[in-house]
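Below is one structure, written out as structure tokens, with a few remarks after it.
In each ligand, atom 1 is the first atom listed, and ligand 1 is the first ligand listed.
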Amino acid sequence: MRAKRSLGQNFLKNIGIAHKMVSMAAISAEDTVVEIGPGRGMLTRVLLSHARCVIAVEKDDALHEHLQRSLHDREGLHLIHQDILESDLARLIPDNAKIVANLPYNIATPLLGRLVAHARRIAAVVVMLQKEVAQRICAKPGEHDYSALSVIISAGFDASPGFIVDPANFSPRPRVVSQVIRLVPKAEPIPLEDLGLFRTVVTCAFSQRRKVLRNSLSHLSGMDRDLLQRLATETPLDLGARPQDITPEVFHLFSRRYGEARILTPPA
Ligand code: SAM
């Protein structure tokens, strides 16, 4: 079976990495784990030896078939042939499940963005992704890598960086270095009904990260100078600051106020 670059197929060849990921997720015999992209099954086998149940979602036809043949006798394994980006995550992820995966590079950002809406029901997420993306997710306000992605993920999770993985641990060898991160759900994730506008505001603020917020946020729909000044005072948000200095909590407060103002005066 040839690895498909379009599906981010870089398979682990060092089982020690799979064991380290499983211990970082503290998988125990009571756990249900959702694995995204089981591939040739190295991580899946290690997960199966620790967890009660593993739900493994693979998009590739040939790999799904291969896994069905090679792991058909493994108790507790549910193989699902699906594109995770098209899956209904509310149905797929059981309450209190852990997510463990060596993610294909091209879906890591949209997938983790979607998981935010399910943070309340997830016990923990331990995933391997491209090191640069891992560092952006884990960055804190004021740090160089702090970005829209850091703020959006923080709406649901506290992110912490784990170990770095050299390309030599995969076949075929990827061009980039990988890193494992852990996401733990926040005690109080941002309410689901606030998430849409929160993302809109954060994306707008970081779309021009060198500009001060007075300039970037003026591009929000229905925003004018007076409204922006009023919302900033109520939040309070420093309109002379750049987005990388603003905490997720302040972005959330601002987006709530913006939402309330839009209800009172809907955009024309
Ligand atoms: N878990 C295996 C390992 O560690 O060796 C494979 C990891 S490989 C980086 C990514 C896997 O995700 C591949 O098996 C690929 O076919 C699968 N994949 C890619 N896109 C996917 C998608 N949208 N939904 C589900 N699986 C996907």
Show the numbers, then the answer: is there a side chain to side chain donor-acceptor pair (under 3.5 Å) between His252 and Asp194?
-> CA-CA 8 Å; His252 180 213; Asp194 292 357; 2.8 Å; yes
Could you walk me through whether Arg136 and Glu132 pass the salt bridge (Lys or Arg N to Asp or Glu O under 4.0 Å) test, one step at a time?
-> CA-CA 6 Å; Arg136 278 199 284 134; Glu132 286 72 19; over 6 Å; no
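For Leu12, a nitrogen or oxygen atom sits less than 3.5 Å from a nitrogen or oxygen atom of ligand 1, counting backbone and side chain alike. For ligand 1, the polar-atom distance check finds no N/O of Asn10 at less than 3.5 Å from any of the ligand's N/O atoms.
Ring geometry for His81 against His64 counts as parallel: the plane angle stays under 30°, on a 0 to 90° scale with 60° as the upper cut.
Protein heavy atom nearest atom 16 (O) of ligand 1, with residue, atom name and distance: Glu58 OE2, 2.6 Å. For atom 20 (N) of ligand 1, the nearest non-hydrogen atom of the protein is Pro104 CG, 3.6 Å. Of all protein heavy atoms, the one closest to atom 3 (C) of ligand 1 is Asn102 ND2, 3.6 Å. Regarding atom 19 (C) of ligand 1, its nearest protein heavy-atom neighbour is Leu7 O, 3.2 Å. Residue, atom and distance of the protein heavy atom nearest to atom 2 (C) of ligand 1 are Pro38 O, 3.3 Å. Ranking protein heavy atoms by distance to atom 23 (N) of ligand 1, first place goes to Asp83 OD1, 2.8 Å.
Under 4.0 Å from ligand 1, not a single heavy atom of Ala18 appears. Of the heavy atoms in Lys59, both backbone and side-chain atoms come closer than 4.0 Å to ligand 1. No part of Asn106 comes within 4.0 Å of ligand 1, judged by heavy-atom distances.
For ligand 1, the atoms lying closer than 4.0 Å to a non-hydrogen atom of Leu63 are 14 (O), 16 (O). Per-residue contacts place Gly8 under 4.0 angstrom from the following atoms of ligand 1 (heavy atoms of the residue considered): 8 (S), 9 (C), 10 (C). Atoms of ligand 1 lying under 4.0 Å from any heavy atom of Val57, numbered from 1 in the order shown and given with element: 25 (C), 26 (N). Under a 4.0 Å criterion applied to the non-hydrogen atoms of Gln82, ligand 1 contributes the atoms 24 (N), 25 (C). Atoms of ligand 1 found under 4.0 Å from any heavy atom of Ile84 (numbered from 1 in listed order, with element): 22 (C), 23 (N), 24 (N), 25 (C). Counting atoms of ligand 1 from 1 in the listed order, those under 4.0 Å from a heavy atom of Asp60 are 16 (O).
Note that the CZ atom of Phe254 and the CG atom of Leu237 stand 6.0 Å from one another [nearest 0.5 Å]. Note that CD1 of Ile246 is 9.0 Å distant from CD of Gln244, once rounded to the nearest 0.5 Å.
Side chains of Glu35 and Thr44: a donor-acceptor N/O pair is present below 3.5 angstrom, by distance only.
For Met42, the closest heavy-atom approach to ligand 1 does not fall below 4.0 Å. In this structure, Gln9 counts as a contact residue of ligand 1, since one of its heavy atoms falls inside 4.0 Å of the ligand. For Glu35, the closest heavy-atom approach to ligand 1 falls below 4.0 Å.
Remark: the backbone N or O of Ala25 is paired with a side-chain donor or acceptor of Lys98 at under 3.5 angstrom.
Environment of CD in Glu75: sparse, with no more than 12 heavy atoms of neighbouring residues, nucleotides or ligands closer than 6.0 Å.
Looking at Pro185 and Arg121, their side chains never come closer than 4.5 Å, going by heavy atoms from C-beta outward.
Between Pro104 and Leu7, the closest heavy-atom pair is CB-O, 3.4 Å. Nearest approach of Ile55 to Leu92, heavy atoms of both residues: CD1-O, 4.1 Å.
Taking only non-hydrogen atoms, the option from Gly37, Ser87, Ala56 nearest to atom 12 (O) of ligand 1 is Gly37.
Hydrophobic cluster membership is shared by Ile99 and Leu89, with clusters built from Ile, Leu, Val, Met, Phe, Trp and Tyr side chains linked at under 4.5 angstrom. One hydrophobic cluster holds both Val100 and Leu79 under the rule that ILVMFWY side chains link at heavy-atom gaps under 4.5 Å.
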